[in-house]
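Hydrogens, waters and symmetry mates are skipped; everything else that's a heavy atom, side chains included, is used. Being a predicted model, the structure only gives us computed values, none of them experimental. The chains referred to below are lettered A, B, ... by the order of the sequence lines, with proteins before strands, and numbering in each begins at 1.
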2 protein chains.
Amino acid sequence: MYEKKISENLDCGVNVANKIVGGKWRACIIDAISRGIRRPSGLQREIPEAPSRVIQMHLRELEALQVIRKEASGGFPLKAEYFLTAFGASVLPLIAVMDQWGNQHKEFVKEMAAAMMETTES
Amino acid sequence: MYEKKISENLDCGVNVANKIVGGKWRACIIDAISRGIRRPSGLQREIPEAPSRVIQMHLRELEALQVIRKEASGGFPLKAEYFLTAFGASVLPLIAVMDQWGNQHKEFVKEMAAAMMETTES
DNA sequence: TTCGGTAGGGATAAAAAGTTCCCTATACCG
DNA sequence: CGGTATAGGGAACTTTTTATCCCTACCGAA
């Protein structure tokens with residue numbers, strides 16, 4: 001997406017996982033595709049809070065990382081579809097675990113985040 | 001740490017998880033503390049690639065999120081120790097899963113990342 | 001007294017990630 | 001013809017995160 005200038009230390013497993021699943025919309029996009037929402041327009045409708053530009057960029061990057069695979073019918077009507085690769089499918093359990101943990105603790109984290117705002121408020 | 005101006009959507013479990021474990025050094029720091037490296041100086045020696053300033057800031061933020069707890073002996077020699085809270089301990093299995101997944105796929109990801117560099121090279 | 005270790009933070013720069021605005025191009029429908 | 005929907009990207013911007021530099025303060029040892 002951008003050119004990295006700082007090393008990433010991909011020897012650390014957690015960093016590898018973060019590279020795939022980190023970021024504000026990555027997991028959402030992967031999850032939506034896994035649920036059968038294969039086309040860019042559908043993804044944009046599914047995640048309206050995310051700027052379409054950002055979704056596009058993530059699709060490019062996930063494709064380059066071979067998490068997803070693109071199938072476009074050359075002709076018209078314009079139609080592009082994205083599918084998870086086998087590698088992409090292997091991420092789903094990880095996303096599930098993260099989502100589960102997050103959902104279990106989100107109330108607590110929300111409280112803590114709110115408390116931080118109070119003490120740091122402008 | 002900084003004042004957020006963009007919403008975080010903490011209703012999504014994955015985002016909650018990323019808030020705790022995301023970032024370049026968060027998981028490393030939590031993991032090191034869980035392994036008994038409790039003092040800032042020790043953490044800095046354990047993770048020498050991370051600027052000490054960054055470690056300090058993460059310690060502040062993890063403390064505010066109640067992932068870790070600080071115990072400082074008021075007097076001298078200066079001594080501060082950080083311990084995982086119960087909440088912090090609950091993150092360890094998540095980190096373990098992420099690390100395991102990442103280690104299983106890091107060679108593949110490295111290849112893909114390298115391929116991306118080639119096509120994007122300056 | 002100077003040096004080393006420890007804990008911590010201010011200021012600022014640089015990089016990465018995300019956002020916004022607006023553009024191309026094609027085909028279909030009215 | 002104009003409007004809508006599709007897929008995609010350029011350019012510029014803001015926000016967030018990470019990095020760099022340098023400082024305070026304290027104690028003990030040399």
Side-chain angles (χ1 to χ4, degrees), chain A residues 1-9 15 18-29 33 37-64 68 70-82 113 116-117 120 122, chain B residues 1-9 15 18-29 33 37-64 68 70-82 113 116-117 120 122:
Chain A
M1 183 142 56
Y2 311 92
E3 316 225 2
K4 295 252 174 63
K5 299 187 179 177
I6 292 182
S7 72
E8 296 186 87
N9 199 8
N15 286 340
N18 270 328
K19 185 177 182 67
I20 304 299
V21 136
K24 199 170 176 182
W25 308 110
R26 286 299 255 290
C28 287
I29 293 171
I33 292 176
I37 300 169
R38 305 219 157 75
R39 303 185 51 193
S41 51
L43 290 168
Q44 283 158 30
R45 276 188 295 267
E46 181 75 8
I47 319 172
E49 322 91 287
S52 64
R53 191 75 176 79
V54 173
I55 294 181
Q56 290 287 355
M57 289 195 298
H58 281 304
L59 288 175
R60 290 296 137 271
E61 205 177 332
L62 290 171
E63 195 189 351
I68 60 177
K70 177 181 173 183
E71 270 181 30
S73 58
F76 285 87
L78 277 177
K79 186 172 178 180
E81 287 185 297
Y82 292 90
M116 286 170 70
M117 285 300 96
T120 318
S122 49
Chain B
M1 183 143 54
Y2 311 91
E3 316 224 1
K4 297 253 173 63
K5 298 188 180 177
I6 292 182
S7 70
E8 296 187 85
N9 199 8
N15 286 341
N18 270 329
K19 186 178 181 68
I20 304 299
V21 136
K24 199 169 175 181
W25 307 110
R26 287 298 257 287
C28 287
I29 293 171
I33 293 176
I37 301 169
R38 304 220 158 76
R39 304 184 52 193
S41 50
L43 290 168
Q44 283 158 29
R45 275 188 296 267
E46 182 74 7
I47 320 171
E49 322 91 287
S52 65
R53 190 74 174 80
V54 172
I55 295 181
Q56 289 287 353
M57 289 194 298
H58 281 304
L59 288 176
R60 290 295 139 269
E61 204 177 333
L62 290 171
E63 195 187 351
I68 58 177
K70 177 182 173 185
E71 270 181 31
S73 58
F76 285 86
L78 277 178
K79 186 172 178 179
E81 286 185 297
Y82 293 89
M116 288 171 69
M117 284 302 95
T120 318
S122 50

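- Judged by distance alone with a 3.5 Å cut-off, no donor-acceptor contact links the side chain of B:Arg60 to the base of C:dG9.
- A donor-acceptor contact under 3.5 Å is formed by the side chain of B:Arg53 with the base of C:dG10.
- The shortest distance between side-chain heavy atoms of A:Arg38 and A:Lys79 does not fall below 4.5 Å.
- Look at B:Lys79 and you won't find any side-chain N or O under 4.0 angstrom from OP1 or OP2 of C:dG5.
- If you measure from atom CG of A:Leu59 to atom P of D:dT6, you get 15 Å, rounded to the nearest angstrom.
- Side chains of B:Glu63 and B:Ile68 form a contact here, defined as non-hydrogen atoms less than 4.5 Å apart.
- Checking the phosphate oxygens (OP1, OP2) of D:dA19, a side-chain nitrogen or oxygen of B:Trp25 falls inside 4.0 Å.
- Taking atom CE of residue B:Met57 and atom P of nucleotide C:dA13, one finds them 16 Å apart after rounding to whole Å.
- Under the side-chain contact (heavy atoms from CB on, under 4.5 Å) criterion, B:Ser41 pairs with B:Arg39, B:Arg45, sequence neighbours left out.
- Considering only side-chain N and O atoms, A:Tyr82 lies nowhere under 4.0 angstrom from the phosphate OP1 or OP2 of D:dA7.
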Quiz item: Can you check side chain to side chain contact (heavy atoms under 4.5 Å, CB included) on A:Leu59 and A:Leu43, steps first, answer last?
Solution: CA-CA 10 Å; A:Leu59 288 175; A:Leu43 290 168; 4.1 Å; yes

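- Regarding A:Ile47, its CD1 atom lies at a distance of 13 Å from the P atom of C:dG18, rounded to whole Å.
- To the nearest angstrom, P of C:dT20 lies 14 Å from CD of A:Gln44.
- For B:Gln56 and C:dA11, the CD to C1' distance is 16 Å, given to the nearest whole Å.
- Dashed line: the shortest gap from a side-chain N or O of B:Arg39 to OP1 or OP2 of C:dA7 is under 4.0 Å.
- With rounding to whole Å, A:Glu8 atom CD is found 8 Å from C:dA17 atom P.
- A:Glu8 is linked by a side-chain contact (heavy atoms from CB on, under 4.5 Å) to A:Lys4, A:Leu10, A:Lys19, counting only residues two or more places apart in sequence or in another chain.
- Atoms NZ (A:Lys19) and P (D:dT17) sit 18 Å apart, rounded to a whole Å.
- Nucleotide D:dT6 holds its P atom 16 Å from the NZ atom of A:Lys70, rounded to whole Å.
- A:Pro51 comes within 4.0 angstrom of a base, heavy atoms only.
- Between B:Ser41 and C:dG5 there is no side-chain polar atom (N or O) within less than 4.0 angstrom of OP1 or OP2.
- Listed pair B:Arg45 / C:dT6 meets the phosphate criterion, a side-chain N or O lying under 4.0 Å from OP1 or OP2.
- The side chain of B:Lys24 contributes an N or O atom lying less than 4.0 Å from OP1 or OP2 of D:dA19.
- For A:His58 and C:dG18, the shortest distance from a side-chain N or O to OP1 or OP2 is below 4.0 Å.
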